[in-house]
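Please read the structure below before turning to the comments.
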Amino acid sequence: MSKTIIVSNRLPISLQHKNGKFEFKPSAGGLATGLGSIYKEGENIWVGWPGNDVADEEQRSEIVEELKKLKMAPVFLTKKDVELYYEGFSNETIWPAFHYFTQYINYEDSYWEAYVQVNQKFCDAILAKANPDDTIWVHDYQLLLLPMMLRNHLPNATIAFFQHIPFPSYEIIRMLPWRKEMLEGMVGSDLIGFHTYDDMRHFLSAVGRILGLSNESGFIQADNRLINVDSFPMGIDYEKFAKAAESKKTLNHVKKFKEMLGDQKLLITIDRLDYSKGIPQRIKAFTQLLEDHPEFHGKVSMIMVVVPSRDKVKSYQVLKEEIDTLVGGINSKFSTLNWVPVHYFYRSFPFNELSAFYTMSDIALVTPLRDGMNLVCKEFVASKTHKKGVLILSEMAGASKELVDAILVNPNNQEGVVSAIVEALSMDEEEQELRISSMQSSLKKYDIFQWVKVFMDRLTHVKEKQTELESKSLDPKIVGQLVDSFKAAKRPIVFLDYDGTLVGFKSRPQDAFPDEELKSLVATLSKVCQVVIISGRDKETLGKWFKGQHVDMIAEHGVWLKKKDQPEEWSLYADVDDSWKEDIRQVMEYYVLRTPGAFIEEKHHSLVWHYRKVESGLGDLRMRELFSHLKYMARGHNLQVLEGNMVLEIKRPDINKGRAALSMMRGEEYDFVMALGDDWTDEDTFKAMPKNAYTIRVGYAYTQANYNIKNPKEVRVLLKKLID
Ligand code: GDG
């Protein structure tokens with residue numbers, strides 16, 4: 001039976017050493033609760049760092065034993081590991097970069113080296129527990145390298161990754177010297193999840209530009225694997241917050257706190273100490289509110305909880321000092337004997353006190369400068385069981401994509417935040433109810449349990465898709481059969497597409513000429529079977545490149561045919577009317593002018609718009625525009641627009657590789673037929689082939705062909721086997 005292993009930097013427990021013994025306190029955080037439905041089942045387990053520095057072997061064994069009971073396994077980190085991998089690379093390099101705080105990025109080689117080593121430590125700890133077909137779900141930015149490390153040892157495992165923080169634009173990722181390794185680590189996964197569509201889009205763009213891996217609707221085609229990238233906005237344990245809000249414990253706290261505070265409108269803000277949370281900006285906005293609106297003096301207070309975090313990192317110490325100064329400033333300026341504007345707590349609170357803060361506050365002011373998701377705003381909404389309350393939410397938080405009924409603000413726009421507070425303070429109860437109810441209904445439906453389920457279901461779906469493709473993979477057994485029947489055949493014929501099949505792609509099409517190895521391979525093959533080069537290339541190029549070879553050729557997707565026994569003589573498949581070209585060329589030229597790097601190739605009976613050299617993104621964009629433009633024009637001229645590999649080609653529909661291949665075989669009896677091709681123009685060939693033919697698509701994609709093969713290199717290996 002395969003099992004599931006959850007992996008995160010920290011185990012969901014806190015470990016305290018008291019009176020010579022360890023005390024284990026499981027965390028009640030939302031993620032731990034949601035994943036409880038997984039790691040607590042059967043043989044499943046959660047692997048991570050217990051959070052303490054334990055060097056003593058005896059103590060380590062004690063921890064291992066105790067954690068086993070909680071279905072957890074520790075990865076022990078040394079003080080140095082924590083300093084360089086966790087505080088260093090994770091929190092001083094990745095965290096600021098991924099939150100767009102480039103001024104705080106620390107480019108330190110020793111941090112990177114430790115990051116690699118600790119990811120390896122995690123990998124080793126997992127390998128000690130994992131079976132080859134287990135499912136492993138890795139969490140967050142501290143472990144970006146882990147998926148590929150695991151994949152190298154467990155090629156058939158199901159590996160998923162979820163990133164809880166934002167994934168920034170390519171412009172930021174490209175700044176990091178280790179960007180390639182980081183992305184390569186992530187693409188060891190089968191499924192990669194982010195909170196929002198924007199994160200996913202940024203990731204796909206970075207993978208395209210840095211690793212050269214393209215994607216189609218979130219599916220990346222790696223060499224031999226399909227990887228899905230998708231967004232899964234994380235939910236909260238909704239019922240827990242809703243129930244707590246009505247519980248006796250919480251209501252007692254509410255009563256007590258209210259008595260102390262008197263009759264005031266309350267704004268709540270809760271964050272970990274972090275520069276990404278926009279805490280100073282928020283205090284400044286509140287200060288401006290009191291400056292501009294004296295009518296609120298004595299009537300509005302802010303409860304500000306800042307949970308201590310990363311206090312060994314310099315930028316966090318500076319931030320703490322800044323917050324202390326700002327709070328000191330506003331309170332000393334506006335306080336009266338019976339009113340304090342900001343109640344500031346630099347500590348965390350027990351759950352029911354937190355719940356009381358949510359329940360009794362009129363407004364939640366959640367204004368991070370950047371946040372992957374932000375759960376505090378969701379918890380506030382879930383706690384409003386009486387439907388009164390207003391959420392002010394930053395557009396920069398992932399949650400803003402879901403909670404559209406909040407008052408959305410740009411946290412850098414101080415005036416805007418002040419107006420939002422004024423709007424919230426004066427919002428009528430009916431409107432509050434409307435907005436809270438609408439947000440509650442979506443949070444209730446898509447809670448943390450649903451999030452886990454949707455993610456795991458998607459992972460199963462990706463694996464099924466992979467299996468579908470793999471079942472077509474040309475495995476050694478099929479290769480054996482293919483070679484045997486080729487060798488036994490008296491009249492074999494082999495159709496070979498050129499670009500992407502016999503050779504890889506080059507940015508300039510003319511550079512993809514046949515190398516010596518290929519020429520000799522084709523020459524030898526043509527001695528033992530009929531070889532047909534079937535390509536979209538023009539007849540001059542094909543003729544030149546295969547001059548003197550004993551092969552048949554089909555050029556321009558079937559416009560031209562040349563038999564091997566009629567050297568130099570190309571014949572037209574059909575009489576073709578080319579009068580359409582002038583109109584279409586003008587349109588294409590317009591798109592060349594607007595797209596640096598694009599160019600037109602003119603073939604005898606088709607026009608091709610190339611965009612391989614165009615900046616990625618722009619190329620796709622223009623191609624889509626041109627595609628619809630050409631489709632519109634094609635109708636009038638009865639033409640067909642084909643999307644190839646970084647090209648758009650327009651030609652007559654009755655000319656295609658399939659028809660040409662059929663006409664090549666007409667009247668002949670073959671006892672072995674094989675066709676190889678890499679893009680959808682080759683699908684016509686596959687479709688036209690007799691039932692018993694070996695049809696093989698290069699690259700992993702859905703295809704009419706019977707089999708898939710990895711790349712041109714593998715194609716050559718296969719062809720060599722035929723002539724061995
Ligand atoms: C990362 C991403 C993403 C806070 N104070 C107390 C307390 N909390 C709890 C809250 C909430 C959690 O801490 C904070 O979660 P956030 O999502 O707001 O922020 P990060 O810690 O930065 O989390 C973030 C998240 O991962 C999940 O993917 O949303 O964007 O940065 O649950 O309730 N809990 C208690 N006392 C406190 O004083 N008991």
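Order of listing sets the numbers, starting from 1, for every ligand and every atom in it. Computation of the quantities below employed the complete heavy-atom set of this structure, encompassing side-chain atoms and omitting hydrogens, waters and symmetry-equivalent molecules.
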Report task. Please work out which of the three classes, parallel, tilted or perpendicular, describes the rings of Trp451 and Phe162, given edges at 30° and 60°. Result -> perpendicular
**Report entry** Backbone or side-chain N or O of Asp371 under 3.5 Å from ligand 1 N or O
**Finding:** yes
Query raised in the report: Of all the non-hydrogen atoms in the protein, which one sits nearest to atom 16 (P) of ligand 1, and at what distance?
Result: Leu375 N, 3.7 Å
**Report entry** Protein non-hydrogen atom below 4.0 angstrom of atom 12 (C) of ligand 1 present
**Finding:** no
Requested in this report: Starting from atom 33 (O) of ligand 1, locate the nearest protein heavy atom and write down its residue, its atom name and how far away it is, to 0.1 Å.
Outcome: Glu379 OE1, 2.5 Å
**Report entry** Under 3.5 Å side-chain donor-acceptor pair for Thr367 and Arg282
**Finding:** yes
**Report entry** Over 12 non-hydrogen atoms of neighbours within 6.0 angstrom of NZ in Lys256
**Finding:** yes
Query raised in the report: In the protein, what heavy atom is nearest to atom 21 (O) of ligand 1, and what distance, to one decimal place, separates them?
Result: Arg272 NE, 3.3 Å
Query raised in the report: So Tyr346 and Tyr344, would you call those rings parallel, tilted or perpendicular, with 30° and 60° as cut-offs?
Result: tilted
Query - Test item, Lys277 contacting ligand 1 (heavy atom, 4.0 angstrom) - result: yes
Query raised in the report: Pairs in or reaching into residues 174-193: which pass side chain to side chain donor-acceptor pair (under 3.5 Å), with residues at least two apart or in two chains?
Result: Arg151-Asp190, Glu171-Arg174, Lys180-Glu184, Asp190-Lys463, Asp190-Gln466
Report summary line: of all protein heavy atoms, closest to atom 29 (O) of ligand 1 is Asn374 N, 2.8 Å
Report summary line: A student checking ligand 1 against Phe349 at a 4.0 Å heavy-atom cut-off should list atoms 35 (C), 36 (N), 37 (C), 38 (O), 39 (N)
Query raised in the report: Should the ring pair Phe89 and Tyr115 be called parallel, tilted or perpendicular, given that the plane angle runs from 0 to 90° and is split at 30 and 60?
Result: tilted
Query raised in the report: Does a sphere of radius 6.0 Å around NZ in Lys243 hold more than 12 heavy atoms from other residues, nucleotides or ligands, not counting ones at 6.0 Å or beyond?
Result: no
Report task. For atom 27 (C) of ligand 1, find the nearest protein heavy atom and state the residue, atom name and distance (0.1 Å precision). Result -> His164 ND1, 3.6 Å
Query raised in the report: Is at least one protein non-hydrogen atom found at under 4.0 angstrom from atom 9 (C) of ligand 1?
Result: no
**Report entry** Close-contact set for ligand 1 against Gly372 heavy atoms, below 4.0 Å
**Finding:** 30 (O)
Query - Salt bridge flag under 4.0 Å for residues Lys277 and Asp274 - result: no
Query raised in the report: For His195, is at least one N or O under 3.5 Å away from an N or O on ligand 1?
Result: yes
Query raised in the report: Touching ligand 1 at all, Trp95? Heavy atoms, strictly under 4.0 Å?
Result: yes
Query - atom 14 (C) of ligand 1: the protein heavy-atom neighbour that sits closest, reported with distance to 0.1 Å - result: Val376 CG2, 4.4 Å
Query - Nearest non-hydrogen protein atom, atom 34 (N) of ligand 1 - result: Leu354 CD2, 3.7 Å
Report summary line: atom 4 (C) of ligand 1: closest protein heavy atom, distance to 0.1 Å, is Ile270 CG2, 3.6 Å
**Report entry** Residues Glu402, Lys378: salt bridge by 4.0 Å N-O rule
**Finding:** yes
